[in-house]
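Atoms considered below: every heavy atom in the structure, side chains included; atoms not considered: hydrogens, waters and symmetry mates.
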Amino acid sequence: MGKSIRNETVKDLFEAILTLETVEECFDFFEDVCTVNEVLAIAQRFAVAKMLKENNTYLEVAKTTGASTATISRVNRSLNYGNDGYELVFSRLNKDKEDAK
């Protein structure tokens with residue numbers, strides 16, 4: 001089995017992230033913690049996941065996001081066989097959109 005992110009250091013990081021209250025606070029924190037490329041890579045994966053959930057083809061996803069087919073495949077594998085983290089976030093985002101109406 002590969003490395004696990006489930007350790008005390010990562011838990012501390014996630015608890016710190018959960019204290020952030022606004023998008024601006026997220027920008028400030030992640031600009032301090034990550035490189036620009038690291039944040040952009042995570043954002044790209046999230047965009048890929050959204051497009052795959054909308055049933056876009058790999059070609060459409062690659063063209064729109066600039067992601068490699070390897071990245072798209074990895075994200076697709078997470079969507080289909082992962083821990084449902086993307087699903088949790090997507091359902092909450094959809095709920096927030098519906099509540100705002």
Side-chain angles (χ1 to χ4, degrees):
M1 179 129 337
K3 291 182 182 180
S4 173
I5 66 166
R6 294 179 188 268
N7 64 49
E8 203 61 31
T9 304
V10 176
K11 181 179 174 241
D12 289 345
L13 171 64
F14 291 163
E15 287 176 350
I17 291 168
L18 289 171
T19 69
L20 302 171
E21 296 179 0
T22 66
V23 172
E24 191 58 38
E25 287 180 355
C26 290
F27 276 115
D28 291 342
F29 180 75
F30 281 94
E31 284 179 14
D32 285 348
V33 172
C34 301
T35 66
V36 171
N37 286 339
E38 289 167 336
V39 175
L40 293 176
I42 293 168
Q44 182 187 61
R45 289 183 191 139
F46 190 69
V48 166
K50 284 172 45 177
M51 289 189 73
L52 290 173
K53 282 297 293 174
E54 295 167 352
N55 297 314
N56 287 277
T57 66
Y58 274 36
L59 185 60
E60 292 166 329
V61 174
K63 185 175 180 181
T64 301
T65 66
S68 68
T69 55
T71 296
I72 297 167
S73 179
R74 182 184 180 284
V75 171
N76 193 51
R77 192 168 38 255
S78 292
L79 284 169
N80 291 313
Y81 306 108
N83 296 315
D84 292 329
Y86 283 116
E87 284 299 323
L88 176 67
V89 170
F90 291 147
S91 68
R92 288 185 180 167
L93 287 171
N94 287 335
K95 184 182 181 306
D96 288 346
K97 285 179 184 176
E98 290 173 14
D99 290 348
K101 289 181 182 179

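By the 4.5 Å side-chain criterion applied to Ile, Leu, Val, Met, Phe, Trp and Tyr, F27 is assigned to a cluster that also includes V23. By the 4.5 Å side-chain criterion applied to Ile, Leu, Val, Met, Phe, Trp and Tyr, L40 is assigned to a cluster that also includes V36. Taking a 4.5 Å side-chain heavy-atom cut-off between Ile, Leu, Val, Met, Phe, Trp and Tyr, the cluster of L88 contains only that residue.
When the side-chain contact (heavy atoms from CB on, under 4.5 Å) test is applied to N7, the partners found at least two apart in sequence or on another chain are T9, V10. Residues forming a side-chain contact (heavy atoms from CB on, under 4.5 Å) with T57 (at least two apart in sequence, or on another chain): L59, E60. Scored by the salt bridge (charged side-chain N to carboxylate O under 4.0 Å, His left out) test, K97 finds no partners at all (sequence neighbours excluded). Evaluation of the ring pair (Phe, Tyr, Trp, His ring centres under 6.0 Å) rule for F46 yields F90 as partners, not counting sequence neighbours. Taking the side-chain contact (heavy atoms from CB on, under 4.5 Å) definition, one finds that S68 meets it with A70, T71, sequence neighbours left out. Applying the side-chain contact (heavy atoms from CB on, under 4.5 Å) test to L13 and every residue at least two apart in sequence or in another chain returns I17, F29.
Rounding to the nearest 0.5 Å gives a distance of 6.5 Å between CZ of F30 and CD1 of I42.
Counting only residues at least two apart or on different chains, no side chain to side chain donor-acceptor pair (under 3.5 Å) pair has a member in residues 18-28. The list of salt bridge (Lys or Arg N to Asp or Glu O under 4.0 Å) pairs with a residue in residues 6-16, not counting sequence neighbours, reads E8-K11, K11-E15. A salt bridge (Lys or Arg N to Asp or Glu O under 4.0 Å) check over residues 70-94, counting only residues at least two apart or in different chains, returns the pairs K53-E87.
Side-chain contact between F14 and I5 is present, with heavy atoms from C-beta onward closer than 4.5 Å.
Of the options K63, K50, M51, a side chain to side chain contact (heavy atoms under 4.5 Å, CB included) to N56 is made by M51 and by none of the others.
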